[in-house]
**Q** 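The following block contains the structure, expressed as structure tokens.
Everything numeric here is computed off the predicted structure, so don't read it as measured data.
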Amino acid sequence: MRLKTLALAAGLALAAGLSACTTATPYQPLLAGSPGLGGYSDVRIEPGRHRVTFTGNSLTSRETVELYLAYRAAELTLANGYDTFTLVTRDTDRRTSTRVDPGRAAPMPYWNPYWRFYGPYGWRTYDPWMDGPFGRPPMDVTTVEKFTASAEIVLGRGPKRLDDTETFDARAVIENLGPRIQRPEDGRVKPGVSPAPGPKS
């Protein structure tokens, strides 16, 4: 009975993880307990200076990650009583990983058949993950990319200079990017994460 309970719990956890990764990361706070889901985070370095980050899952494009970063920077700007933000530093990090699916060679996750047999050249080992007397089994190899965009921003008041290409009008950013922001389906702020701070003088 205990084994059945453990198996059921493992199955539910696996299903929850898979369902969370079937869509691109929406515009949401980054949860400390579930960093794999992605989202935004920010920290105030000093008054008027912040570091903003947005992390996407494997289905989130680089363009989307950078767009959400700019939107979060604009939100922080207005929430703190400023009008513009200037990008002091910015970077987009790409992380690549390879996933191997052994297909029919592995009837159960994390388990593969393994045995030894005696042949013309003595004892041999059969392992589906390695070349053996039956040849290498069919495998699907998938490359997964995840992007994280980060920037350090300085907040400012008043209109931006027209010749300053690194400074952005926060209200214009909100207005222009707003229609492209995909929020969580329930539209709620995740528990344990505070929304943007209120205006400060």
Side-chain angles (χ1 to χ4, degrees), residues 16-97 144-201:
L18 291 175
S19 63
C21 297
T22 55
T23 60
T25 301
Y27 185 77
Q28 63 184 12
L30 181 67
L31 292 176
S34 304
L37 299 180
Y40 63 76
S41 61
D42 44 76
V43 60
R44 188 173 76 163
I45 301 173
E46 61 182 6
R49 194 181 191 97
H50 297 254
R51 182 163 185 82
V52 187
T53 302
F54 191 92
T55 301
N57 62 16
S58 60
L59 298 178
T60 311
S61 68
R62 176 173 185 155
E63 178 187 7
T64 299
V65 165
E66 293 176 346
L67 182 149
Y68 286 4
L69 173 73
Y71 192 85
R72 180 56 183 167
E75 275 191 337
L76 277 176
T77 300
L78 298 180
N80 284 275
Y82 291 83
D83 304 302
T84 64
F85 64 92
T86 301
L87 296 174
V88 179
T89 62
R90 55 179 166 178
D91 181 57
T92 301
D93 176 51
R94 182 183 70 174
R95 295 185 180 182
T96 304
S97 61
V144 178
E145 290 184 330
K146 294 183 180 181
F147 295 97
T148 297
S150 59
E152 188 174 315
I153 62 174
V154 172
L155 312 184
R157 292 190 173 93
K160 60 164 287 186
R161 298 199 321 267
L162 296 179
D163 62 341
D164 188 350
T165 59
E166 296 299 318
T167 298
F168 298 84
D169 183 309
R171 292 177 179 82
V173 171
I174 293 291
E175 181 180 354
N176 293 328
L177 299 187
R180 302 178 61 183
I181 299 299
Q182 182 66 45
R183 300 183 184 275
E185 292 182 1
D186 59 11
R188 294 174 298 179
V189 175
K190 300 295 184 181
V193 179
S194 300
K200 295 181 180 180
S201 57

**Q** Roughly how far apart are His50 NE2 and Asn80 CG, rounded to 0.5 Å?
**A**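 Going from NE2 on His50 over to CG on Asn80, the span is 4.5 Å.
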
**Q** State which residues pass side chain to side chain contact (heavy atoms under 4.5 Å, CB included) with Thr60; sequence neighbours excluded, sorted by chain then number.
**A**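 Ala24, Thr25, Asn57, Thr64, Val65.
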
**Q** Could you check whether the rings of Phe85 and Phe168 sit parallel, tilted or perpendicular, using 30° and 60° as the cut-offs?
**A**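 Correct class here is parallel.
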
**Q** Do you know which two heavy atoms are closest between Glu175 and Pro179, and how far apart they sit?
**A**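 Nearest heavy atoms, Glu175 then Pro179: O-CD, 3.5 Å.
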
**Q** When you compare the side chain of Ile181 with that of Tyr68, does any pair of heavy atoms fall below 4.5 Å?
**A**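 Yes, close enough: below the 4.5 Å cut-off.
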
**Q** How long is the span from the CZ atom in Arg72 to the OG1 atom in Thr77, to the nearest 0.5 Å?
**A**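 Output value for this atom pair is 10.0 Å.
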
**Q** For Ala74 and Ala170, which heavy atoms make the closest approach, and how far apart are they?
**A**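 Scanning both residues, the minimum pair turns out to be CB-O, 3.6 Å.
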
**Q** Determine all donor-acceptor pairs shorter than 3.5 Å in which one atom belongs to a side chain in residues 147-154; sequence neighbours excluded.
**A**
from: Thr148; atom 1: OG1; to: Thr55; atom 2: OG1; distance (Å): 3.4
from: Ser150; atom 1: OG; to: Arg51; atom 2: NH2; distance (Å): 3.2
from: Glu152; atom 1: OE2; to: Arg49; atom 2: NE; distance (Å): 2.6
from: Glu152; atom 1: OE2; to: Arg49; atom 2: NH2; distance (Å): 2.7

**Q** Can you measure from CG (Leu155) to CG (Asp83) and round to the nearest 0.5 angstrom?
**A**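 Rounded to the nearest 0.5 Å, the CG-CG separation comes out at 10.0 Å.
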
**Q** Above 12 or not: heavy atoms from other molecules or residues under 6.0 Å from CD of Gln182?
**A**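 Result for CD/Gln182: open.
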
**Q** Can you find a pair of side-chain heavy atoms, one from Arg161 and one from Thr167, that are under 4.5 Å apart?
**A**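 SC-SC contact between Arg161 and Thr167 ruled out.
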
**Q** What closest approach, in Å, do Leu87 and Arg90 show between heavy atoms, and which atom pair accounts for it?
**A**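 Where Leu87 meets Arg90 most closely, the heavy atoms are CD1-NH1, 3.5 Å.
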
**Q** Might you point out which heavy atoms bring Pro159 and Thr84 nearest each other, and give the distance in Å?
**A**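 That would be C-CG2, 4.5 Å.
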
**Q** Using 0.5 Å steps for rounding, measure from the CG atom of Leu59 to the CD atom of Glu145.
**A**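 Those atoms lie 12.0 Å apart.
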
**Q** What's the shortest heavy-atom distance between Pro184 and Pro26, and which atoms?
**A**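 Closest heavy-atom pair between Pro184 and Pro26: N-CB, 3.7 Å.
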
**Q** Give a yes or no on whether the backbone of Phe54 and the side-chain of Glu66 come within a donor-acceptor separation of less than 3.5 Å.
**A**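 Checked: no pair found.
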
**Q** Is there a donor-acceptor pair under 3.5 Å between the side chain of Tyr82 and the backbone N or O of Leu76?
**A**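 A pair under 3.5 Å: no.
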
